[in-house]
Amino acid sequence: MSSTFNEKCYSLIKKIQKGKITTYKCIAKALGTKAYKAVGNAMHNNPLLYKIPCHRVIKSNGDVGGFVLGKKEKIKLLKSEGIPIKSNKIQNFNKFLFKFQKTSA
DNA sequence: CCCTTGACCAAAC
DNA sequence: GGTTTGGCCAAGG
């Protein structure tokens, strides 16, 4: 069970479809909190880098954010999925934002 | 249990 | 439009 806040973040991120992205803020909001920074921390603690598409998580201002393997690698992955990026910034990222399913209306 | 850290955010300059 | 400041929350030492 989600013992820690991090587990919740991973569960949500794992639901992100290919070609879609989200922001740290969106995740925090989906969890009903404002721990944007805590979400980022969870990513850094991400024990399943190859199972959790954390590279699909970006900042709210459109910046690619950070990545354990480096921003370059993150950008490459996103571009590989069809996300247009320029100068480390997502182009029209708002258009690719993934909507999380709410357990209840 | 107190203090520091962090893949952040929004506003101010 | 890029840089700096303060604020927010959770996890780790």
Side-chain angles (χ1 to χ4, degrees):
Chain A
M1 321 315 283
S2 46
S3 312
T4 60
F5 177 84
N6 302 28
E7 291 279 337
K8 299 179 188 175
C9 299
Y10 305 143
S11 297
L12 225 63
I13 297 165
K14 280 194 287 191
K15 292 173 187 170
I16 302 177
Q17 305 163 1
K18 181 183 177 186
K20 293 282 186 172
I21 57 176
T22 190
T23 67
Y24 301 99
K25 182 182 176 185
C26 194
I27 297 172
K29 199 170 191 180
L31 293 176
T33 181
K34 295 164 200 148
Y36 325 112
K37 213 178 258 190
V39 175
N41 264 348
M43 300 300 93
H44 196 205
N45 279 280
N46 180 358
L48 298 172
L49 178 62
Y50 294 101
K51 184 132 168 105
I52 302 174
C54 54
H55 61 270
R56 292 182 190 151
V57 185
I58 63 170
K59 301 212 285 189
S60 294
N61 68 325
D63 199 88
V64 295
F67 200 52
V68 181
L69 306 179
K71 295 191 280 189
K72 283 178 57 181
E73 199 60 35
K74 186 168 181 177
I75 293 171
K76 190 158 74 172
L77 285 167
L78 290 172
K79 290 179 87 173
S80 219
E81 299 195 353
I83 307 297
I85 302 178
K86 187 173 189 178
S87 297
N88 296 352
K89 309 272 185 177
I90 311 292
Q91 305 300 301
N92 298 335
F93 74 98
N94 179 39
K95 176 169 137 183
F96 298 96
L97 278 178
F98 173 76
K99 288 179 167 291
F100 292 108
Q101 303 175 341
K102 287 221 166 172
T103 47
S104 62

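Every chain is numbered from 1, with letters handed out A, B, ... down the list of sequences. Any value given below was found using the heavy atoms of this structure, including those in side chains, with hydrogens, waters and symmetry copies removed.
For A:Asn88 and B:dC8, the CG to P distance is 13 Å, given to the nearest whole Å. Distance CZ (A:Phe93) to P (B:dC8): 14 Å, rounded to an integer number of Å.
For the pair A:Ile13/A:Ile27, a side-chain contact is recorded, criterion being any heavy-atom separation below 4.5 Å from C-beta on. Considering only heavy atoms from C-beta on, A:Phe5 comes within 4.5 Å of A:Leu31 through its side chain. Taking 4.5 Å as the limit, some side-chain heavy atom of A:Leu69 sits within range of a side-chain heavy atom of A:Leu49.
Cluster annotation: A:Leu97 is not connected to A:Phe100 through the hydrophobic network of ILVMFWY side chains, with a link wherever side-chain heavy atoms come within less than 4.5 Å.
Residues in residues 38-80 of chain A take part in no ring pair (Phe, Tyr, Trp, His ring centres under 6.0 Å) pair, two or more places apart or across chains.
Contact footprint of chain A on DNA chain C: nucleotides with an atom under 4.0 Å from a non-hydrogen protein atom, first to last in 5' to 3' order, C:dG7 to C:dA11.
Remark: A:Phe93 engages no residue in a ring-ring contact (aromatic ring centres under 6.0 Å, His included) (not counting sequence neighbours).
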Return a table of donor-acceptor pairs under 3.5 angstrom between the side chains of residues 83-91 of chain A and protein atoms on other chains or two or more places apart.
unit_1  : atom_1 : unit_2  : atom_2 : d
A:Lys89 : NZ     : A:Asp63 : OD1    : 3.2
A:Gln91 : NE2    : A:Lys89 : O      : 3.3

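A salt bridge links A:Arg56 to A:Glu81: at least one charged side-chain nitrogen sits closer than 4.0 Å to a carboxylate oxygen.
Not a single donor-acceptor pair under 3.5 Å links the side chain of A:Lys34 to the backbone N or O of A:Lys29. With hydrogens and angles disregarded, a donor-acceptor distance shorter than 3.5 Å links the side chain of A:Lys74 to the backbone of A:Gly66.
Looking at residues 38-56 of chain A, you'll see A:Ala38, A:Gly40, A:Asn41, A:Met43, A:His44, A:Cys54 sit with a heavy atom under 4.0 Å from some atom of DNA chain B. Residues of residues 57-86 of chain A having a heavy atom closer than 4.0 Å to DNA chain B, listed by number: A:Lys59, A:Ser60, A:Gly66, A:Phe67, A:Val68, A:Lys74.
Where A:Thr33 and A:Lys89 each meet DNA chain C at their nearest nucleotide, the meeting point lying more 5' is that of A:Lys89.
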